[in-house]
Amino acid sequence: MIHEILSVGPLQCNCSIIGDETTHEAMVVDPGGDLSKILTVVLHHKLRITQIVVTHAHIDHIAGARELNQLTGAPVYYNQLDLPLVKMMEVQAGWLGMETPEVAPPDASAEDGMVMSTGNLRSEVMHTPGHTEGSICLHFPTENLLIAGDTLFAGSVGRTDLPGGDQRKLLNSIRGRLMDLPEQTKVVPGHGELTTIGKENDTNPWMTKGPAGKS
């Protein structure tokens with residue numbers, strides 16, 4: 001398995017490039033910007049992008065998805081419950097003082113339990129609402145890997161004060177689903193440092209009863 005993590009866009013979103021070393025097929029998760037950096041890594045590993053996945057439709061995660069789709073022909077997947085956020089992309093751009101990127105509805109909705117294959121690599125979509133209504137995580141069980149978007153962070157959890165956010169749903173998603181994964185599962189959050197399920201179970205203050213945390 002090839003797995004490269006790049007910090008992209010103005011908010012330094014963690015973009016994952018996941019490739020099968022045998023078939024050279026690749027999935028790009030959360031291409032929030034800096035497509036030249038993403039494509040440089042793809043070319044270095046001689047990969048062919050066959051899937052583009054967006055964990056949720058905040059601008060810092062979805063901004064480059066449509067352009068990457070146009071460059072590669074790879075379909076874009078995200079959960080359809082985030083379409084209201086896509087429709088307010090101009091408002092989101094205004095929050096950050098940036099130009100409004102071209103966005104579009106997903107080629108297919110990433111639904112809970114959906115299996116997404118990249119070559120011989122298999123991942124399962126976990127619908128984890130709370131940060132947004134359509135937030136998803138991608139779990140690669142064989143690789144002990146979870147791409148968590150802005151649902152779970154090292155020592156914290158996703159913010160819930162933006163449109164579509166819901167504190168109760170977020171904590172239920174984390175405590176009721178993510179924390180049941182194997183402790184050795186490596187977690188790639190939407191921003192910042194990597195962690196593991198075991199570490200967050202042991203040390204994350206939001207794993208005990210309390211309000212939601214930060215972005």
Side-chain angles (χ1 to χ4, degrees), residues 1-83 85-87 89-90 92-93 96 98-112 114-127 132 134-140 142-143 145-150 188-191:
M1 179 187 189
I2 296 165
H3 186 195
E4 298 265 9
I5 303 169
L6 304 176
S7 296
V8 301
L11 297 185
Q12 295 293 279
C13 163
N14 283 334
C15 170
S16 282
I17 301 167
I18 294 170
D20 183 319
E21 294 174 286
T22 302
T23 67
H24 295 281
E25 293 182 7
M27 170 193 294
V28 176
V29 185
D30 286 348
D34 296 325
L35 292 192
S36 60
K37 290 170 60 175
I38 295 171
L39 292 173
T40 295
V41 171
V42 168
L43 290 172
H44 172 73
H45 290 289
K46 298 181 173 61
L47 298 173
R48 177 172 62 90
I49 299 173
T50 58
Q51 294 172 328
I52 300 163
V53 182
V54 179
T55 60
H56 63 287
H58 282 155
I59 190 170
D60 53 322
H61 292 255
I62 199 174
R66 177 63 173 160
E67 184 179 354
L68 190 59
N69 160 261
Q70 292 172 329
L71 289 171
T72 65
V76 176
Y77 297 84
Y78 62 86
N79 189 279
Q80 62 184 347
L81 293 178
D82 270 1
L83 279 171
L85 292 174
V86 173
K87 293 176 181 177
M89 197 56 55
E90 186 174 357
Q92 292 197 49
L96 299 179
M98 60 183 286
E99 292 186 9
T100 305
E102 183 179 354
V103 290
D107 293 295
S109 181
E111 298 290 335
D112 189 61
M114 178 186 292
V115 174
M116 305 192 73
S117 299
T118 303
N120 298 309
L121 304 172
R122 292 182 178 272
S123 63
E124 180 180 345
V125 174
M126 301 178 71
H127 180 216
T132 69
S135 285
I136 63 168
C137 298
L138 282 182
H139 180 221
F140 293 79
T142 304
E143 286 73 29
L145 172 67
L146 180 75
I147 299 179
D150 283 1
V188 181
H191 306 266

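A centroid separation of 6.0 Å or more is found between the aromatic rings of H45 and H3.
Between H61 and H56, the ring-plane angle classifies as tilted under the 30° and 60° cut-offs.
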Using the rule given for side-chain contact (heavy atoms from CB on, under 4.5 Å), can you reason through M114 versus I136, listing the C-alpha separation, both sets of side-chain angles and the distance that settles it, and then say yes or no?
CA-CA 11 Å; M114 178 186 292; I136 63 168; over 6 Å; no
Before giving the answer on side-chain contact (heavy atoms from CB on, under 4.5 Å), spell out for D30 and S16 the whole-Å C-alpha distance, their side-chain angles and the decisive distance to 0.1 Å.
CA-CA 7 Å; D30 286 348; S16 282; over 6 Å; no
For the pair N79 and E111, evaluate side-chain contact (heavy atoms from CB on, under 4.5 Å) and give the outcome as yes or no after the intermediate values.
CA-CA 6 Å; N79 189 279; E111 298 290 335; 3.9 Å; yes
Should D107 and N69 be marked as a side-chain contact (heavy atoms from CB on, under 4.5 Å) after you check the CA-CA gap, both sets of side-chain angles, and the distance that decides it?
CA-CA 10 Å; D107 293 295; N69 160 261; 3.9 Å; yes
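Proximity of a side-chain donor or acceptor of N14 to a complementary backbone N or O of P189 within less than 3.5 Å is detected. Using a distance-only test at 3.5 Å, with no hydrogens or angles considered, a donor-acceptor pair links the side chain of Q92 to the main chain of L85. Under the 3.5 Å distance criterion, the side-chain polar atoms of D20 are matched with a main-chain donor or acceptor of T23.
Here the side chains of M1 and T142 are not in contact, with every heavy-atom distance at 4.5 Å or above. Looking at V41 and L47, their side chains never come closer than 4.5 Å, going by heavy atoms from C-beta outward. I52 is listed as a side-chain neighbour of T72, based on a closest heavy-atom distance under 4.5 Å. S123 has its side chain out of reach of V115: every pair of non-hydrogen atoms, C-beta onward, lies at least 4.5 Å apart. Counting only heavy atoms from C-beta outward, the side chains of V125 and D112 never approach each other to under 4.5 Å. Annotation: side chain of I59 is in contact with side chain of M89 (closest heavy-atom distance under 4.5 Å). No side-chain heavy atom of V8 sits less than 4.5 Å from a side-chain heavy atom of P31. Considering only heavy atoms from C-beta on, L11 stays 4.5 Å or farther from H58 through its side chain.
How far CG of D150 is from NE2 of H191: 4.0 Å, rounded to the nearest 0.5 Å. Distance check: I2 CD1 to T118 OG1 gives 11.5 Å after rounding to the nearest 0.5 Å.
Taking T132 as the reference, D82, S135 meet the side-chain hydrogen bond (donor to acceptor under 3.5 Å, both in side chains) condition, with sequence neighbours excluded.
Applying the salt bridge (charged side-chain N to carboxylate O under 4.0 Å, His left out) test to residues at least two apart or on different chains, the pairs with a partner in residues 45-57 are E25-R48.
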